[in-house]
Amino acid sequence: MPDLDQAQMLKKTPAGYKAYTAEMMTPQGGAVTPDYVIVSAYDHQRQGNSILSIMDKRTGRHLKNIILKGRPHVGGITYDPEHDLLWVCGRKKARA
C-alpha cells in the first residue's frame, strides 16, 4: 500500500501548520468505489493528521492523499453507492 511507510502532511504547531513527514502510517479501514480503492490511515506516532489514500481501482496506481482534519482513528469508512458518498468515521469532544 502506498504511503504507509512515509507520508507527507501538515502538523499543527502553536505557530500554525508546518510540513511533516510521518515515518509510519497505520491503516485502519478501506472502501471500494466504482473507480477507486480508498484506505484510511493514521500517524502511528500520533504527530500528524490522519489521511485517506486514494488509488485507481483498475491500475492500483496511487493518485493522492487527502489529509483529514485532526488525528482521528478513521477506521470506519464505507462507500454508499446509492448516494455516491464516502462515509468516514471521526470524533468530536471524545464522541464518535
Looking at every non-hydrogen atom in both residues, tell me the closest pair between Leu52 and Ile38 and how far apart they are. CB-CG2, 4.1 Å

State, with a plain yes or no, whether a side-chain heavy atom of Leu63 is found less than 4.5 Å away from one of Met55. no

To check you understand the geometry: which heavy-atom pair defines the closest contact between Pro27 and Val39, and what is its length? CB-CG1, 4.2 Å

Could you check whether any side-chain N or O of Asp80 sits under 3.5 Å from a backbone N or O of Glu82, counting only pairs where one atom can act as donor and the other as acceptor? yes

Quick check on Tyr36: does its OH atom have over 12 non-hydrogen neighbours (other residues, nucleotides or ligands) under 6.0 Å away? no

State, to 0.1 Å, how close Asp43 and Met24 come at their nearest heavy-atom pair, and which atoms those are. OD1-O, 3.7 Å

Indicate yes or no for a side-chain donor-acceptor contact from Thr78 to the backbone of Trp87 under 3.5 Å, with no hydrogens or angles considered. no

Thr33 and Lys57: which non-hydrogen atoms are nearest, and at how many Å? O-CD, 3.3 Å

Going by the rule side chain to side chain donor-acceptor pair (under 3.5 Å), which residues pair with Thr13 if we only count those two or more places apart in sequence or in a different chain? none

Consider side-chain contact (heavy atoms from CB on, under 4.5 Å). Of Leu68, Asn49, Thr26, which one does Tyr42 pass it with? Thr26

